[in-house]
Amino acid sequence: MPTDLLHGLNKQQREAVETVNGPVLIVAGPGSGKTRVITNRIAYLVKVCGVAPYRIGAVTFTNKAARELRERLEPMLGHQAQELTATTFHSFCALVLRKDGHHLGLDKSFAIYDSADQLSLIKRAMKEVDVDAKQFTPGAIQSAISSAKNQLIGVEGFGLNKQNYFDEIVHRVYERYDALLAQSMALDFDDLLFKSHTLFDKFPEVAAKYQERYVHFMIDEFQDTNVTQYAIARLITQKYRNLCVVGDPDQSIYSWRHADIRNILSFKSDFPEAKVIALEENYRSTQTILEAAQRLIEPNKQRVEKALYTKNDRGVPIIVKESYNEQEEAQYVVKEIERLSRQGYRKSDIAVMYRVNAQSRALEEACMRYGMPYLLVGTVRFYQRQEVKDLTAYLRLLENPSDDVSFLRVCNVPTRGIGQRTLDDLQRLARDQNMSMYAAIEMLAGDKDQPLSTVAPLPARSLTALRGFRDLIAGIAEECRTLSLVDTIDLVLKKSGYKDYIQNEADGGDERWENLLEFRNTANEFRDIAPDEALTAFLEQVSLVNDTDNVGAKSDTITLITLHQAKGLEYPVVFIVGMEEGTLPHIRSLTDPEEMEEERRLAYVGVTRAKKLLYLTRVFRRGFQGVSEPKIPSRFLADIPKELTSGSQSDLKQQSFASRAPGWSTPGGQSSRPSISAPSVRIEHSGPEPTRTKISSNSPQQPQQPQRPGQSEAPKTAALKTGDRVRHKKFGEGIVTGTKPTGADLEVTVAFKDGAGVKRLLLSFAPLEKAE
DNA sequence: GCGCTTTGATTTTTT
DNA sequence: ATCAAAGCGC
């Protein structure tokens with residue numbers, strides 16, 4: 001029975017599964033069965049070697065990867081899978097710090113700041129140390145600080161090694177920023193890693209505990225780890241040295257997030273006894289696609305040669321298509337997908353990939369125009385929406401009133417007479433007293449006794465307003481102690497006046513209210529957890545797991561996705577759009593050879609996602625921020641040999657639209673009928689979309705149904721479906737253009753007449769009626 | 001202190 | 001084009 005775990009594996013894969021003792025480096029080419037090796041290796045540790053799942057840690061880079069790992073191990077290990085640690089690096093560190101952070105003086109209820117929170121605190125720090133935001137953009141400073149923390153450089157270290165004036169400035173901000181974080185009892189994403197490292201480094205007894213626990217440790221996507229992450233892994237595995245890292249340097253696409261490809265080299269020197277295993281057989285793609293990929297990646301200087309090969313068929317040529325502009329490009333893609341559908345491909349077999357999210361727009365519009373159902377992965381995250389962040393800020397304050405970022409975010413939303421002037425005064429006071437803003441109010445106005453007005457006299461009116469907010473938070477915090485999470489949310493919404501504010505005052509109020517209800521819905525999942533722990537757990541999920549998980553939505557749709565997000569996925573048919581200089585090598589990478597190599601790897605990642613059919617499209621003109629600019633073909637197109645391609649490929653130096661060859665050629669006019677394989681990867685849904693105007697994701701339950709407004713169908717059941725005409729109490733008549741199950745509810749997207757626009761509504765809440 | 005209008009930056013990718 | 005911060009009148 002245990003041999004099942006080795007069955008069907010090639011020699012190298014088998015070796016990777018069986019090598020459980022000592023350090024291992026697995027270099028896994030695209031489509032080489034990496035995920036299977038990782039899961040089987042863990043199962044092998046448990047089932048064959050008798051290692052307790054509790055003693056195995058596996059960290060991944062994204063939530064998606066972590067979830068997939070757990071899902072695959074579930075059927076193999078059964079209930080034992082629960083004991084396993086399989087999570088992202090950041091979640092892992094958050095866990096460690098909640099448990100043992102007290103050694104560093106960390107309060108258990110620390111808040112976690114995302115990039116937006118981080119930026120706002122950096123802006124504040126800049127103001128406080130007199131750094132002009134015009135001269136030094138907050139973004140640049142944020143990136144510098146983040147980069148330092150991800151390279152294990154703390155404030156002190158940074159101060160010792162300043163190279164120039166900019167470093168000088170960054171250092172000043174860094175110092176103040178860290179102080180503000182401490183005062184707010186908050187950690188940013190980078191701190192989760194950095195502080196965990198400090199904890200293990202400075203407290204050997206804590207490190208020892210984790211070394212003993214994680215006898216076996218694995219890192220997936222090792223090429224995307226940064227220096228700090230790798231250092232943490234080294235500290236944890238110091239004792240048993242059972243560290244297994246898996247990665248592919250050619251797929252390293254996160255250096256901008258401070259991932260350091262050199263970790264792979266360091267690994268070899270840190271663990272000289274490491275066994276190196278290369279997985280070079282590709283099971284995914286046709287020979288044509290694999291060869292194109294190799295020719296594409298070859299020009300990179302910083303790489304280790306790999307000899308990828310496949311036993312798959314030669315397949316059909318790669319199709320290169322030129323269009324005039326992005327609208328035409330999108331139209332071509334949609335039309336081509338319709339044609340493939342008629343040939344028997346399922347829409348879920350097909351993905352359209354692009355460099356930047358902005359490119360999805362033209363594609364979405366084309367999909368909507370032609371009634372092509374699509375799933376937009378990523379984009380503006382659910383938890384990033386204003387109203388959701390506001391509510392989250394209230395909840396964070398209940399847990400940790402010192403959280404200044406959250407305090408500033410909502411203390412005057414809805415308005416309560418706490419204006420800029422008051423906040424400036426309060427901030428100055430807080431800074432003088434070295435305390436959080438909330439604490440400063442306590443000091444000023446804590447008791448009904450005389451305020452300590454000698455310190456910094458505030459106008460009585462301001463004081464009253466501040467005290468009012470303090471009382472609001474303290475009151476809710478007191479009252480919610482015994483309440484369920486959902487009840488707490490209701491209490492916050494009501495008492496803070498936020499509900500009234502959204503419903504009556506804010507623009508786009510109805511949609512935003514629906515979003516809050518959806519947020520409330522996710523809180524429902526925590527109903528089985530004790531009230532005092534539920535809030536902490538919920539907030540942690542909100543900060544670290546930003547993709548909501550809509551497994552229910554299993555409709556037949558095409559996928560629109562960025563190249564970055566596509567890593568690790570595979571599709572029978574892949575379109576990569578925007579193969580132009582300045583788009584696919586991105587404009588910001590044109591001058592830096594290292595960044596250019598990363599762009600090339602990104603293209604490589606895209607190409608290697610394809611199993612059967614690959615389309616590369618480019619345009620002559622592309623609109624950017626309103627203006628249309630001429631574009632020349634991506635250098636990457638020229639690196640793919642002509643013999644491997646077909647399609648309307650004009651001379652690559654040609655720029656004029658007139659040079660466009662007419663028509664398109666079909667993929668393989670030969671006998672080979674495309675095989676219709678199931679998509680082997682589940683896509684996470686990005687969650688419902690932000691407050692913007694257009695429909696977000698358009699995934700009808702009735703797959704093949706065209707969604708053009710006006711085509712209504714005979715009504716069947718009570719539930720609404722695409723094409724139904726409906727009436728809304730406020731918005732009037734409209735047509736359902738999409739539906740999506742969310743939990744027990746159904747989210748319907750409705751296009752209303754009379755300029756009311758497109759709205760997303762939850763069926764159970766929205767006053768919707770079926771119309772004739 | 002608040003809300004409106006103008007201005008300026010913004011967009012690469014994500015934990 | 002879109003959205004956040006800054007400026008200005010109430």
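The structure presented is a predicted model; accordingly, all values stated were derived computationally and were not measured. Letters A, B, ... are given to chains in the order of the sequence lines, protein chains preceding strands, and every chain is numbered from 1.
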When you get a sec, tell me which of [options] is the closest nucleotide to the side chain of [X]?
{"X": "Thr415(A)", "options": "dC2(B), dG1(B), dT13(B)", "answer": "dC2(B)"}
{"X": "Ser115(A)", "options": "dT13(B), dT15(B), dT14(B)", "answer": "dT15(B)"}
{"X": "Val356(A)", "options": "dT13(B), dA5(C), dT15(B)", "answer": "dT13(B)"}
{"X": "Thr562(A)", "options": "dA5(C), dT13(B), dG1(B)", "answer": "dT13(B)"}
{"X": "Asn357(A)", "options": "dT13(B), dG1(B), dT15(B)", "answer": "dT13(B)"}
{"X": "Arg361(A)", "options": "dT2(C), dA5(C), dT13(B)", "answer": "dT2(C)"}

Using whole Å, what does the distance between atom [atom2] of nucleotide [N] and atom [atom1] of [X] come to?
{"X": "Arg124(A)", "N": "dA5(C)", "atom1": "CZ", "atom2": "P", "value": "15 Å"}
{"X": "Leu192(A)", "N": "dT14(B)", "atom1": "CG", "atom2": "C1'", "value": "14 Å"}
{"X": "Arg601(A)", "N": "dT13(B)", "atom1": "CZ", "atom2": "C1'", "value": "13 Å"}
{"X": "Ile253(A)", "N": "dT14(B)", "atom1": "CD1", "atom2": "C1'", "value": "10 Å"}
{"X": "Phe61(A)", "N": "dT14(B)", "atom1": "CZ", "atom2": "P", "value": "10 Å"}
{"X": "Gln420(A)", "N": "dA4(C)", "atom1": "CD", "atom2": "C1'", "value": "14 Å"}
{"X": "Phe624(A)", "N": "dA1(C)", "atom1": "CZ", "atom2": "P", "value": "13 Å"}
{"X": "Asn226(A)", "N": "dT15(B)", "atom1": "CG", "atom2": "P", "value": "14 Å"}

Mind checking if [X] touches a base, just sugar-phosphate, or nothing, with heavy atoms under 4.0 Å?
{"X": "Ile587(A)", "result": "nothing"}
{"X": "Asp190(A)", "result": "nothing"}
{"X": "Arg421(A)", "result": "sugar-phosphate"}

Nearest-nucleotide 5' precedence on DNA chain B, Gly417(A) against Phe189(A) = Gly417(A)

Asn412(A) vs Thr137(A), nearer the 5' end of DNA chain B by closest nucleotide = Asn412(A)

Can you find a pair of side-chain heavy atoms, one from Val227(A) and one from Tyr230(A), that are under 4.5 Å apart?
-> no

Close side-chain approach of Phe61(A) to Thr225(A), heavy-atom, < 4.5 Å = no

Closest non-hydrogen atoms of Asn300(A) and Glu597(A), given as atom of the first, atom of the second and distance, are ND2-O, 3.3 Å

Say whether, by atom type as modelled, one donor and one acceptor occur between the side chain of Arg601(A) and the main chain of Asp250(A) under 3.5 angstrom.
-> no

Does the ring of Tyr254(A) lie flat against the base of dT14(B), closer than 5.5 Å centre to centre with planes under 30°?
-> no

Describe, in one word, how the ring planes of Trp256(A) and His564(A) are oriented to each other, choosing from parallel (under 30°), tilted (30 to 60°) and perpendicular (over 60°).
-> perpendicular

Between Tyr498(A) and Tyr501(A), how do the two ring planes meet: parallel, tilted or perpendicular, split at 30° and 60°?
-> tilted

Look at [X] and [N] and indicate whether a side-chain polar atom (N or O) is within less than 4.0 Å of OP1 or OP2.
{"X": "Gln565(A)", "N": "dT13(B)", "value": "no"}
{"X": "Asn63(A)", "N": "dT14(B)", "value": "no"}
{"X": "Lys567(A)", "N": "dT14(B)", "value": "no"}

